[in-house]
Every structure is written in C-alpha cells, then in structure tokens.
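This report refers to the structure that appears directly beneath it.
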Amino acid sequence: MGADPAVTYKDAIARALREAMAADPRVFVLGQDVGKFSIGGVTKGLIEEFGAARVRDCPISESAMVGIGAGAAMNGYTAVIEIAYADILAVAFSSIVHSAAKLNYATNGQLRCPLIVRAPINRFSRHGPMGTEVTLSWFMNVPDLDIAMPADAAEAYWLLRHAFARPVPTIFLEDRSLNASSGPLGAKPKAPGRARTLRPGRDAVVIAAGRMAALARDAADAMAASKTPADVRVLSLGRVKPLDREAILEAARAAGRVLVVQEEPPLGGYGPAIQSLLDTLPASALKRQPALLARPETFLPYNREEDVLPSAETIAAALRELLA
Amino acid sequence: MGADPAVTYKDAIARALREAMAADPRVFVLGQDVGKFSIGGVTKGLIEEFGAARVRDCPISESAMVGIGAGAAMNGYTAVIEIAYADILAVAFSSIVHSAAKLNYATNGQLRCPLIVRAPINRFSRHGPMGTEVTLSWFMNVPDLDIAMPADAAEAYWLLRHAFARPVPTIFLEDRSLNASSGPLGAKPKAPGRARTLRPGRDAVVIAAGRMAALARDAADAMAASKTPADVRVLSLGRVKPLDREAILEAARAAGRVLVVQEEPPLGGYGPAIQSLLDTLPASALKRQPALLARPETFLPYNREEDVLPSAETIAAALRELLA
Amino acid sequence: MNTRPQRRNDVPPGAEPVEFLRLMWRTRLFEEFSMRLKKEGAVLGNTYPCLGQEALGVAALALAAGDAVFPSYRSRAIVFGKGATVEQHFREMIGAPEAEQGGREVFHHAAFPGIGVMPSSSMIGGWAPTAAGYALTQQMERSGTVTVCVIGDGSLGAGDLHEALNIAGTWKLPFVLMVENNGYQVSAAWSQVRAQKALAPYVAPYGFVTRPVDGNNAFDVFHSMAWARAEALAGRPAMLDCETYRMGGYSSHFGEPRSGIEGELAAWRARDPIAFVEDWLERHGGMARREIAAVRAAEAQAIAAAWEKAKREAPRRAGDARR
Amino acid sequence: MNTRPQRRNDVPPGAEPVEFLRLMWRTRLFEEFSMRLKKEGAVLGNTYPCLGQEALGVAALALAAGDAVFPSYRSRAIVFGKGATVEQHFREMIGAPEAEQGGREVFHHAAFPGIGVMPSSSMIGGWAPTAAGYALTQQMERSGTVTVCVIGDGSLGAGDLHEALNIAGTWKLPFVLMVENNGYQVSAAWSQVRAQKALAPYVAPYGFVTRPVDGNNAFDVFHSMAWARAEALAGRPAMLDCETYRMGGYSSHFGEPRSGIEGELAAWRARDPIAFVEDWLERHGGMARREIAAVRAAEAQAIAAAWEKAKREAPRRAGDARR
Ligand SMILES: Cc1ncc(C[n+]2csc(CCOP(=O)(O)OP(=O)(O)O)c2C)c(N)n1
Ligand SMILES: Cc1ncc(C[n+]2csc(CCOP(=O)(O)OP(=O)(O)O)c2C)c(N)n1
Ligand SMILES: [Mg+2]
Ligand SMILES: [Mg+2]
C-alpha cells in the first residue's frame, strides 16, 4: 500500500470533495466565492476541473442556497453548500430544518435529501459574537439530520466521504482553526461515522468533538507525562449526530469516570445529550457523576474569546477533579 | 380582594397583553391577522382600543418582524410579535438569535432588547410536521434569551407580565391546546419567573413545562388515587430559560427520584439540560438515576401525533418504573 | 402537448375546452365535498379551498409530463391537472397509512413526485428555493422540461421568495412562477401588505419575463402557461401574474375572516370561471346545455364514488387526541 | 443643518466643501493607517477599507443629529460623518475594555447610539429590518427624524432586505436606503449575482422613490441625501443608488480577490472622489493648493495622535489565542 502521508485538515476536506465530484456528475457546489477565488481554499481548482455549472458562485442567499440543494436532491443531485461561516447557518435555519431535514419524513420516504452544508467554525478569526460561534446546539435535536465535527484530518476526510453516502442532510462543522493541522488519513474505517478513540486510557474518558477533542488529547498527553500521571482516554465523536450511543456507553463503563467537553454553553449541544444518555446506566456503573466542561452562558467576544472557552489547561483541571 | 375567578389560558394571555399596552404607549403588536380579524383570538379588540399604529398587520415577513422589534427596542419600544405558529420561528431564527439576543452583549450593554415573540405551539391542530412542533430545543442554548412555556392560565398571565419587565427577548411558547383550560390567576408571585410546584409529593418529582407539566399533574393525581398510591410532586418550569436551577436541585434532593418529561426528542430541550444539572449533585443525593421521558427522534405526523408523544399514561408508567 | 405560444383565447390543439371544464368541476366539487367531510368530522385535515380559482388548474394542461409543479396549499386545481386523483386526495385526508404521505404530511402539501407534483412547505415562500433547485437540475441535464412554482400573492412578503427569484433570474433557469393573485393574505387585503397589487413589477427586475393573466379565464391561463413554458425553456424565466379571487373562507378552520367584501364578491361572482367556459362551450364549442351539465354530474358521481372507495380501502379510523 | 432638497452640485448653506474634504481625508487616511496597524499585528480586528468610496460619508452632513444611521461594515466614512472619532475607532480595534463595545463586537460593527450610529450585523441584510424598526418608532413619535440604512450591493441577495423594504415602503416609514453600489460582492462581479447592476429597479416597486447617485461626487451625495431625507419625512421612503468602486481589497484578511480589473481600476482612479473635491475647491472654492494640502496634513497628524492616545489609554494588550 505504501506510505500514508500526512495531509492537512483543509486538504483532507478538499480531497474528499474533489473525489465525490469526480465520482458523481450530480454532485455540485454552491457558495459565495467558491469559484475562481476560493475564499476558504477548500474549493480551489474545482471550477477549472468540473466547470462553472457545477461550482456556482451565489448571491448572499443562504436560505435559498440550502433550499436549492433540497430541490436538487428531489431530482437525484447532491449539493455541497459552503456557508461563509457557521453563524450564517441561522439565516438558512428554516431551509435546513423544514425543507431539507423533513423532506424524507413528510413525503413518507418518497423523496430523500442527501445534501451537505459545509459551515466552517470561524472561532479565533476575530469576527466577534456573530462570526465565531459553534452553532451545534441549534440543530442537535432536529431528527433526520447528521452533524459532523471533525477533530483531525482523518476524521474530516472520512466523515465528508461518508456524508455523500447518507440519505439525509449533513451539517459539516469543520473548524478553520484546525485547517493547518495534519495527519495521515488512514484506511477507510470499517464503520464510518462511529466515534473514535484518539488516545487510549483507563482512569477516565473525555468525550468531545472537533477542536475540543483535539485539545483533550493534548491535555491527556500532558497528564500522562506529568509527575502524577493519569491515563486518560479520549473519545472523539466526529459525527455528533447520530450520536454513537454504543461507543459512549462502552467508554463510560470501561473508564467509570466521564468528562464531556464542549465549547458551547451548558444548556444544549452534545454535552447534556451525553449526560442524559449516561443516566440510562445503572448508578453503580460509574465511579463518579459525569462532568461537563462548557463555556459559561455567554456569547463570544472578538477579543480574548479564549478566556471563556475550555483549554487544555482547564480540561486537565477538570480531569484532576474527576480523578480526585 | 374578593374572589379570584377562573380565567382561560387564552384570556390570561390576552389580559396580560392588554394591560401592558394600556400601561406603556411604547408597547405595540406585530403579526399577521392580529387586527380586525384576530386569528388566534388573543389580540381581539386591541386595534379598537389602541389603534392601528400599535396593532399592525404585517406581510409574511417573520424575520423582518422580529428584526423590526429589535430595532424598535433600540429606541425604547417593546414589540410583541405574534408568529402564526411556533414552527415559523425557523424563518426568524437569525433575527432572534443575532439581531435580538445578541444586541445587549454586542453593544456592551449600550442597547437592550426587550421584545416578546409569541409563538403558539400548534400541536393537535392537524398541521403536520411543519405545523405542530414545540421548537424549544432550537433556542435552549442561546444566551440572553428567555423562554416561557406556561402550563396553565396563571403561569401564562404572570410570565407574560414578567416578560415585559425583562431586558432580553422572550420567546413565549404558549400552547394552543391549553387555550380553553382555565383557573384563577392568583396573586402576583413573589419571585416571578421561578418554577412552581403544581402538586406536592414526596416519593418522586416530575419536572416539566407547558402541556407536559399539565399532563404530569393528571398522572400524579391518578397515581395518588390508585390502588397502590404514590405521592408525586410536579414541578412546572413555566419559564424554561433562565432555568430555575435552585428549584430543580431542591426538588430533586427532596424527592430523590426525578422524572423529566418533554415532548421533543431526547437530544435537546430542557430535559438533558436538567439531567446535566443534576449531575452536579453528589451521586448519593438521588436514590435513582434521573429519567427522561421524551418522544422518539422523529418528526410529528398530522395524524396520530399522540402515538409518539408522552401522555398521562406513559408518564405514570415511567413514574412506576422510577419508583420500583 | 402544445407548448408553443398561442394567440390568447384560441383553443390550442391538444387541449379541449371540455377538459378544462371537467378539471374545473372536479376541483370545485372536490373542495365542496371535502369541506363537508371536514364539517362532519369525517376527515382530520383542514381544507384550504380554491373556490373561484379553479381556472388556474388548466395551466397544468399546457405542461409536459416531465415538468414539475411545486404547488401552493391552495392549488388543488393544478394538482388535479397534473394527474393526481380525487381518491388519492381522500386517502391523504383520512391520514391513511396507505396514502402516499402515510398520514404524515397534510393533504394540501402532499407530494406525488411520480407525476411531477412536488412538495410544498408550511413555510410560505419556502418552496420557491426548492423549486429553483429542481429547475437547476433540469437545466443541468438539458432535459427540455420546466419547473412551475405556484405561490399565493401573500408570498411576496417572504424573503425566501426573493432569494429564489433572484437566483432563478440570474441563472436563467427553466422556471415559471405562477402567482395565484387573489388580493388577500388571510384577512389582509393586498394594500395592507404591499405597495401595489400586481406582483410582476417586483419580479421583472430579477430577470423574468412577466405576463398579466386573467386567472378566471381558463383560455388565458392555458395559453399563458404555454407561453411561459416556452420562454422558460428558451432561457427566459417567466412569471404569470394571475388575477383571481377567493370566493370563500381562507380555510375550513376559520370562518370568512374578511369583512366588507360583499361588493367584491358580487363583482367576481359575475366572473365565475366555470360559467365562463360553459358559456363558451355552448356558444362556440357546439355543446348542448344538457351535455355540459353532464360533465358536472359525472364529476360529482366520480367524487362520491372515490370517497366510498377511499373509505373502504383505508379503513383505519382517524385519531383525534383532543377528544 | 439644511435638509431641504437642493439643486444637485450646488453648495448648500451649512455644508462647506472643505468639510467634505476633511471627512474624506480622515476616512482614507484612517483606512490606510489601520490597514498598516493590522499588517504590523498592532490590532486584532480585520479592516474592510472603503478606499475610493469616501465621498459617501458626506451624506451624514445632510442629516440631523437625531437621525439614525445603520451602517454597513464598509461605511467608515458615514460613521465618521455622524461624529464618531478616530480615537474611538482605535480603541475598538485594540479591543480595549474601555472601548464602547468593550472588546466584544468588531470595530466595523461598533455602535455609538448616542450620536445615532446604530449596530450593524454580521448577517448581510440583517440590519435592514432593525433599521426599519427604528424608523417605525420615529414615525410613531412623529419625531421629524429619519433612519438611514446603508448596505452594500451584495445585500440584494438577502431575503431580510426585501422583507424590510416591503414593509418600509408599505408603511411609508421615514426610511432612507443608501446603497454603496460598488458592483462587487467580494470576488463576484454584480452580473454573477443579479440580473442588473442598479438596485433602484428592485427597490422602487416596494414603494420607494429612488435616485441614481454618483457616489464619487461628494456634492451629488450630499444633495441626494438632503432630498432623500425630505422625501422620507414626507412619507415617501427613499433610496439612493450610489454608484462607486472599491479601490482595494475586500478586507485586510484576503488579498484582492478580483482578477482582470486593471481597466476598471484605471477608469475609477480617474474619478477619485478626493481629487474631485480638491479640484473644485481650487477652481471654485477660492482655496490655494497649499491650503488644500494642509487639510490632509492636519487629518494625518490627528490620526497619528489619536493612535498614540488610544494606545496609552487602552493599554491592555490584545490577546491572540492562536499564538
Ligand atoms: C412563513 C409563514 N408565515 C405565516 C404563515 C401562516 N399563513 C398560512 S397561509 C397565509 C396567508 C397566505 O396568503 P396568500 O399567499 O395570499 O395565499 P391565499 O390564502 O390567498 O391563497 C399565512 C399568513 C405561514 N404558513 N408561513
Ligand atoms: C448572510 C451572510 N452571508 C455571507 C456573508 C459573508 N460576506 C461578508 S461581506 C460579503 C460581501 C458583501 O458584498 P457587498 O454587500 O457588495 O459589500 P462590499 O464588500 O462590496 O462593500 C459576504 C459574502 C455574510 N457576512 N452574511
Ligand atoms: Mg392571496
Ligand atoms: Mg459591493
């Protein structure tokens, strides 16, 4: 098979997209500045390779762009919609929930809605409270909707590939702050879309997605190397929805101590959903109550958002407390 | 003081609205069919009493209607926006989250955003998957946003009055299926917006909001009267956000057994948020793991939505299991 | 199917005015029948009758089988025109599991994709983007077919409509916007919700060719759709601004919300779209009054029979949680 | 403040062309200065320079103090025109807790409500409804003031804009829509995203009076806003379609995304709005070249001083989590 070279997170996304377009002439791209000028870099070169009919620069009409994707799905096409940043999903909310996610249900399975909405999380780009948000919570409880939040290049690549095989819309919350991170893509996962153990460990498990999973690995590595070492497993959800209940329950049982970390406030997102799931275990299954590390109930400033977000340090501190 | 006559849920809302308009000339109403023809009945008579400048029939432009409310708030006005039914909040999502909820934060407190969005839950009206939804989950994790879900006439009245005193936007999820229910309004609560015990009980507590709280009371009453009686407390959240953490923790500690009931699927809403909160209690504080009764991860059909929603019977069954 | 533009009011080859009449009676009688069913509690779904707007349905007869229609909730006529049957409708209204939507979506948003009847949305304006998306795929495949998006005039307020039209116009999609311009949005007269009654001025700048249509004249509707279809296929998205009037309540769950409309009702009653075609058939179509009456009778009988059949074949009793 | 309509290109009483020049230099020099700061890493916020569009700011000089402006993110000129200071801007860019937005909102969306500079939104089009809401309250109070909503031409795509304009037009709000029509939406030329360049045809049907404006001619901008304000107060919402050109990149965080624009740049360089006013002052305003040059020098000096002061008074170092 040869070597498995490191690929950046951004290139991994670009590669999965390119491959899907090459494989299926009915895959096409909608977005702003996705053509000759690729604003985020992910669609670079696609217009030259696949033509302007399949790589379409759009007006500032995200609601219609998603609706167009749903309409195209009714005729067997798969649209990949690039949203400038995740906060903008708000203006497309109705199209995502009502037009796309409900299509299969409302038509009783007559029509399906494969559709991918790429919505980069823009945190640390200094865009302020309307330009840096994670936005997972808005969609977490909407049925028939997949949500991916890749933590590294391999997850990004395989989850995006997997999304093309799904009969439902996927919100693909890639994280711009991870764009330059890199790693090998590895072999095709046997069960794509399942949670992944980023790092084994027996004393506790951190469950997280996206950048928080990456930070949790840093925190766990640091704790393993510290003077009072701890052996912490990190479970990366990758695809947050459908939630990999089985993997979560298995990891929780095995470690007995669970820390969930998310960047959003504590009243929604995968954090409380996982805690709710863990309540289905008998009380004796865990050694401690599961803990949630989340940001306080506040929006994100453009300056010093890191002050309110979990960091490798606060993750480690929360783990120490859990292990105490 | 005299008698406290029974008032219907709908009239309670109408009364609170009328009183607010009478008290403050800068309160005004936006909606479709809120004027001469009051489609839901709540705004009936307001246009005659307060004039067409303050009771405004609008085009089908919910996003702009909420945005207009936010702009009016910047000049000291309070808009009460009637949305035809809660599902339609989806098209106003960006205006609610970005324009209204973030106003105070983004301007660093220079501008506040009192604003009330009345969004009736339309369940059982036979409007299908886009016309019967509860929609709380969409907003549960948005900071600086109040959400009310009144379970009875008294809650409806006092929570709406309270909303006018709040410096943040309120999403007022009144439930049309409760419109005809009635009860006395009671005296002004000492701490408006706090959770309310609808029914005392020592063996367990059901925590719920809106129609689910009303059904939980029925279930608890039936269990008290049954052959193997149980004494179940019902805590009605009323205002779901801010979440009354104190009351929830107190009730959980006191009863030792907690059932949370909600109509939405289990991955969002107040249910998981409450379970997450309960995880902050020491494991020994509760006799059993908290349980969540929610509808499965599915949308609502127009026919037989009751098949997938919690009922007094399934609530009672979940309680029996919790008490076993 | 003749899709080239025709002189208005001509009877085009391939479309018989008697077919217009059949479709219009089917529509009207179905609306009346289903309002009765709802009143009697025999069905669950609310109805949004298109009484007085029946002529709009003949637009479907100017379309090809591969053309798609995204109807509004008040588009019974065009849905029948595309070939959906009364019986299918009854099954949906009962909410039978055997129905295409399986009791999930309401009958006035029912989709029958096999015959080009596509889903609507409960969000007014929300199906304009999906219709544009469908039209985009028709353009990409060079299929020679078009998508018709039917909206009520109240949709003008909805941002989604504008986003979709701007894109459809800019991309020159094979897209026809057909407006059921009845001048009301539930209780609000058009002047309360927009600056001018016609929608064409709003739509033309997006890059649409537009045409005012007498929506109560089946001939005008038919020819206009044939014209619009040809325009759209030639890269000129088209808009038909069909002026008409709702001769009854907004829906079965509200009484008539408008007041002071007696004059309007009388004026529009004189423009009854069915009487218009019946007169034409008698004067120019060589049909006797008796033959004309038979059209109505046959439709009435078919509807009654379809109801009996739907009831029998979809025996599951409608649930109603409130009682 | 003169707000009655004037003949275009007249110098109105109460507004001195030298003030136009001051404001335009302040704007241009500030943009250049802050781009440099960003490049050097001295500030956090990205900048969206309005180079070449500086004349649009003089619209503020035709407004009354009580008038509100909801700017776009590229409206530095009109924000300065309303009285926000360079120093305030620097404080915002540093993200200092002492700044009005306290380091929360980005400087190009900063609100200074006390002087009528209202919040923008990161959602393109999203501030048109809030501006309409503010105008509604002005109408309800019969305040004799107006609200100006400034948008880039890319906003035409956004549904929120259309919803707001339809309402503003129908309700005859004291509302002025001012379009910074530079023909581009980041990398997309107008023809990629709409059917026609001018926005007036889209806006007029909503019930707006419209006027094409030479956005690089400060006199035209000034008089047009005076006209628009009077119209809006008289119950005729007004729209100014200001044609202009962005003489530089979209923002400090992307290089110039457009290609093949050399010809356009050259053509528009010949229409430099600052040179235009300077020429006018020399030819008709009785100012010597030296006096004219002193205007620029004074602004440059004031900006440098303001930066020094802002740095001193807002000493908290900007955080940058990535490094
Ligand atoms: C986004 C949205 N807002 C409000 C409603 C409630 N509603 C349903 S139909 C309707 C009026 C539609 O009027 P029009 O489009 O003119 O259709 P008509 O009833 O006249 O055929 C309204 C306000 C809705 N379904 N969707
Ligand atoms: C709803 C929304 N979609 C996309 C963006 C990303 N975006 C920011 S500015 C911009 C272009 C705006 O163009 P225009 O309005 O013409 O302003 P100009 O930059 O030319 O001044 C885009 C696409 C956004 N901020 N909001
Ligand atoms: Mg209508
Ligand atoms: Mg522009």
Side-chain angles (χ1 to χ4, degrees), chain A residues 63 87-99 101-102 105-106 108 128-130 133 135-144 241-243 260 264-283 286-292 294 296-299 301, chain B residues 63 87-99 101-102 105-106 108 128-130 133 135-144 241-243 260 264-283 286-292 294 296-299 301:
Chain A
S63 184
D87 312 65
I88 295 177
L89 290 171
V91 303
F93 191 83
S94 179
S95 291
I96 293 169
V97 173
H98 290 314
S99 301
K102 290 185 181 167
Y105 180 89
N108 199 21
M130 297 185 219
E133 194 46 88
T135 77
L136 168 73
S137 298
W138 302 345
F139 300 102
M140 187 70 200
N141 207 20
V142 177
D144 293 357
K241 232 172 94 72
L243 197 59
V260 189
E264 288 186 280
L267 293 175
Y270 57 79
I274 289 170
Q275 289 176 287
S276 172
L277 174 65
L278 295 178
D279 276 348
T280 62
L281 290 175
L286 299 187
K287 299 189 190 96
R288 286 284 299 271
Q289 298 279 69
L292 173 64
E297 275 188 79
T298 178
F299 296 112
Chain B
S63 184
D87 312 66
I88 296 176
L89 290 170
V91 303
F93 191 82
S94 179
S95 291
I96 294 169
V97 173
H98 291 313
S99 300
K102 291 184 181 169
Y105 179 88
N108 200 22
M130 297 185 219
E133 195 47 87
T135 77
L136 168 72
S137 298
W138 302 346
F139 300 102
M140 188 69 201
N141 207 20
V142 177
D144 292 358
K241 233 172 93 71
L243 196 59
V260 188
E264 289 186 280
L267 292 176
Y270 56 79
I274 289 171
Q275 288 176 286
S276 172
L277 174 66
L278 294 178
D279 277 348
T280 62
L281 289 175
L286 299 186
K287 300 188 190 94
R288 287 285 298 272
Q289 297 280 68
L292 173 64
E297 274 188 79
T298 177
F299 296 112

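To find a chain, count down the sequence lines: A is the first, B the second, and so on, and within it residues start at 1.
For the set A:D144, A:T298, A:L243, A:V97, the count of heavy-atom pairs under 4.5 angstrom toward chain B peaks at A:T298. Your options are B:P265, B:A92, B:G268, and the one with the most heavy-atom pairs under 4.5 Å with chain A is B:P265. Residue with the most contacts toward chain B among A:P282, A:S276, A:P290: A:S276 (heavy-atom pairs, distance under 4.5 Å). Note on A:S95, A:S137, A:S63: by heavy-atom pairs under 4.5 Å with chain B, the leading option is A:S137. Counting heavy-atom pairs under 4.5 Å between each of B:P301, B:P296, B:G128, B:P242 and chain A puts B:P301 at the top.
From A:L292, atom CG reaches atom CG of B:L277 across 11.0 Å, with rounding to the nearest 0.5 Å. Between atom CE of residue B:M130 and atom NE2 of residue A:H98 there is a gap of 7.5 Å, rounded to the nearest 0.5 Å.
When all heavy atoms are compared, the tightest approach of A:V91 to B:S94 is CG1-OG, 3.3 Å. Of all heavy-atom pairs spanning A:P272 and B:A273, the tightest one is CB-N, 4.1 Å. In this structure, A:D279 and B:Q289 approach most closely via the heavy-atom pair O-CB, 3.3 Å. Closest non-hydrogen pair, B:N141 versus A:G269, comes out as ND2-N, 4.3 Å. Nearest heavy-atom pair across B:K102 and A:P129 is NZ-O, 2.8 Å.
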### Query
Does the side chain to side chain contact (heavy atoms under 4.5 Å, CB included) test come out yes or no for B:L89 and A:F93, once each step is laid out?
CA-CA 9 Å; B:L89 290 170; A:F93 191 83; over 6 Å; no

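Both the backbone and the side chain of A:A101 have a heavy atom closer than 4.5 Å to some heavy atom of chain B. Contacts between A:D87 and chain B at a heavy-atom distance below 4.5 Å involve backbone atoms as well as side-chain atoms. For a residue to count as touching a neighbouring chain, one of its non-hydrogen atoms must lie under 4.5 Å from one of that chain's; by this rule A:L278 touches chain B with the backbone only.
Relative orientation of the B:Y105 and A:F299 rings is perpendicular, given thresholds of 30° and 60° on the angle between their planes.
Under the 4.5 Å side-chain criterion, counting only non-hydrogen atoms from C-beta, B:M140 is not in contact with A:M140.
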